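Atom set for the values below is all heavy atoms of this structure, side chains included, hydrogens, waters and symmetry mates excluded. Keep in mind it's a predicted model, so treat the numbers as computed, not measured.
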Amino acid sequence: MRRAWWLAFCLVLPLGAQRDFLTADEIDQVRLVQEPNERLVLYLNFAQQRLDAVRSLLAKEKLGRSILVHDGLEDYTQIIDAIDTVADDALKRKFPIEKGMQAVADGEKKLLAELKKIEASRPADYARYEFVLQQAIETTADSLELSLQDLNVRTADVEAHEAREDKKRESMMQTKDLEEKRVAEKKEAEQKKKVPTLYRKDEKKKSN
């Protein structure tokens with residue numbers, strides 16, 4: 001529910017308001033790190049860096065800091081969402097991510113506690129970023145719950161969701177496209193059943 005609500009909010013934003021939540025250097029780092037466990041830890045580090053920057057801004061009252069705090073929290077939230085996406089994708093591919101998820105769970109517990117401290121402190125300009133702070137707290141709490149979930153259960157949930165999405169996509173396909181898809185799948189299945197042989201077409205297998 002939270003993700004759907006957040007997506008709806010993002011869709012009403014003007015196009016000019018949308019920003020990359022990672023820097024160019026961070027994007028390069030993500031591209032270089034293909035292993036899911038390592039990528040999870042990388043995103044977790046990015047999230048911690050964003051929150052450290054927010055805390056640093058809040059340590060001193062300075063004119064114009066509220067917009068920087070707002071953007072930092074917004075980027076932080078999208079990074080946490082990216083962590084969940086990386087984990088779900090790895091589970092769909094049957095990749096073991098126990099190590100990465102343990103690191104994420106430990107890190108998110110700390111991040112959630114830090115966010116709640118900011119909430120409790122009620123800075124003077126709190127109203128200007130209250131909304132994104134609440135989103136950051138809810139996103140982290142939801143992600144932490146997923147991180148602590150049994151991976152077998154989460155994998156089953158991911159697969160069930162993927163099956164529902166496939167069914168939804170199929171229902172939206174035109175009849176012709178759907179028929180072509182089924183023919184292609186049938187042909188692929190038949191190819192897999194064929195057993196390769198070393199005999200030429202004009203040779204017969206000798207019985208013992």
Side-chain angles (χ1 to χ4, degrees), residues 1-89 97 99-148:
M1 178 64 74
R2 171 187 61 78
R3 293 180 187 280
W5 188 90
W6 176 246
L7 177 59
F9 172 77
C10 289
L11 289 176
V12 301
L13 287 174
L15 291 178
Q18 297 180 14
R19 299 175 299 102
D20 289 332
F21 63 93
L22 295 179
T23 66
D25 178 64
E26 288 170 341
I27 291 173
D28 287 340
Q29 290 182 57
V30 171
R31 286 173 179 163
L32 291 172
V33 178
Q34 296 295 321
E35 203 276 337
N37 289 287
E38 294 178 3
R39 184 171 283 192
L40 286 168
V41 173
L42 182 62
Y43 272 115
L44 183 64
N45 290 337
F46 292 161
Q48 184 64 64
Q49 288 167 12
R50 292 299 187 285
L51 195 49
D52 288 345
V54 167
R55 292 170 59 196
S56 179
L57 287 166
L58 293 175
K60 299 178 181 179
E61 290 195 18
K62 188 176 180 180
L63 185 65
R65 75 172 184 179
S66 59
I67 186 62
L68 297 176
V69 171
H70 178 283
D71 289 352
L73 289 170
E74 196 173 64
D75 291 348
Y76 164 89
T77 298
Q78 293 187 69
I79 291 170
I80 296 297
D81 275 335
I83 287 175
D84 295 343
T85 299
V86 170
D88 288 347
D89 182 66
I97 55 171
K99 182 178 179 180
M101 293 315 302
Q102 183 60 59
V104 169
D106 292 342
E108 287 183 336
K109 288 177 185 177
K110 179 182 176 183
L111 292 169
L112 185 58
E114 292 175 359
L115 287 167
K116 289 184 175 180
K117 284 183 180 179
I118 295 174
E119 180 187 34
S121 68
R122 297 274 172 169
D125 51 357
Y126 178 72
R128 298 181 180 180
Y129 44 82
E130 179 180 4
F131 175 78
V132 289
L133 176 59
Q134 290 302 318
Q135 286 299 310
I137 291 173
E138 291 176 20
T139 299
T140 307
D142 288 350
S143 183
L144 176 58
E145 184 177 349
L146 286 174
S147 300
L148 294 171

Separation of [Y] [atom2] from [X] [atom1] (nearest 0.5 Å):
{"X": "Leu148", "Y": "Met101", "atom1": "CG", "atom2": "CE", "answer": "8.5 Å"}
{"X": "Gln78", "Y": "Leu73", "atom1": "CD", "atom2": "CG", "answer": "12.0 Å"}
{"X": "Asp20", "Y": "Asp75", "atom1": "CG", "atom2": "CG", "answer": "9.0 Å"}
{"X": "Glu145", "Y": "Thr140", "atom1": "CD", "atom2": "OG1", "answer": "13.0 Å"}
{"X": "Tyr129", "Y": "Glu74", "atom1": "OH", "atom2": "CD", "answer": "15.0 Å"}

side-chain contact (heavy atoms from CB on, under 4.5 Å) partners of Ile67, counting only residues at least two apart:
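Checked Ile67 against side-chain contact (heavy atoms from CB on, under 4.5 Å); matches are Asp71.
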Partners passing side-chain contact (heavy atoms from CB on, under 4.5 Å) against Leu68 (at least two apart in sequence or in another chain):
Leu57
I need the minimum non-hydrogen distance between [X] and [Y], along with the two atoms involved.
{"X": "Ala136", "Y": "Leu115", "result": "O-CD1, 3.7 Å"}
{"X": "Gln135", "Y": "Thr77", "result": "C-OG1, 4.1 Å"}
{"X": "Val104", "Y": "Leu40", "result": "CG2-CB, 4.0 Å"}
{"X": "Ile97", "Y": "Pro36", "result": "CG2-CB, 3.9 Å"}
{"X": "Ala105", "Y": "Leu144", "result": "O-CD1, 3.5 Å"}

Taking atom CD of Glu35 as the centre, does the number of heavy atoms from other residues, nucleotides or ligands within less than 6.0 Å exceed 12?
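More than 12 heavy atoms, drawn from other residues, nucleotides or ligands, come within 6.0 Å of this atom.
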Crowded around Gln34 CD? As in, over 12 foreign heavy atoms under 6.0 Å?
yes
Under the salt bridge (Lys or Arg N to Asp or Glu O under 4.0 Å) definition, can you give me all pairs with a residue in residues 117-130, not counting sequence neighbours?
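Every salt bridge (Lys or Arg N to Asp or Glu O under 4.0 Å) pair that includes a residue of residues 117-130, provided the two are not neighbours, is Arg65-Asp125.
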Would you mind writing out the side-chain donor-acceptor pairs for residues 43-51 within the sub-3.5 Å range, not counting sequence neighbours?
{"from": "Asn45", "atom 1": "ND2", "to": "Val41", "atom 2": "O", "distance (Å)": "3.4"}
{"from": "Gln48", "atom 1": "NE2", "to": "Asp52", "atom 2": "OD1", "distance (Å)": "2.9"}
{"from": "Gln48", "atom 1": "NE2", "to": "Glu114", "atom 2": "OE1", "distance (Å)": "3.3"}
{"from": "Arg50", "atom 1": "NH1", "to": "Glu26", "atom 2": "OE2", "distance (Å)": "2.9"}
{"from": "Arg50", "atom 1": "NH2", "to": "Phe21", "atom 2": "O", "distance (Å)": "2.9"}
{"from": "Arg50", "atom 1": "NH2", "to": "Glu26", "atom 2": "OE1", "distance (Å)": "2.6"}
{"from": "Arg50", "atom 1": "NH2", "to": "Glu26", "atom 2": "OE2", "distance (Å)": "3.4"}

Which residues pass the side chain to side chain donor-acceptor pair (under 3.5 Å) test with Asp28, sequence neighbours left out?
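If we apply the side chain to side chain donor-acceptor pair (under 3.5 Å) test to Asp28, skipping adjacent residues, there are no hits.
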Considering residues at least two apart in sequence or located in another chain, which fulfil the side chain to side chain donor-acceptor pair (under 3.5 Å) criterion with Gln29?
Asp25
Do Tyr76 and Val132 make a side-chain contact, defined as non-hydrogen atoms from C-beta onward lying under 4.5 Å apart?
no
By the definition side chain to side chain contact (heavy atoms under 4.5 Å, CB included), identify the one residue from Leu146, Thr139, Ile80 that meets it with Glu108.
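Exactly one candidate clears the test, Ile80.
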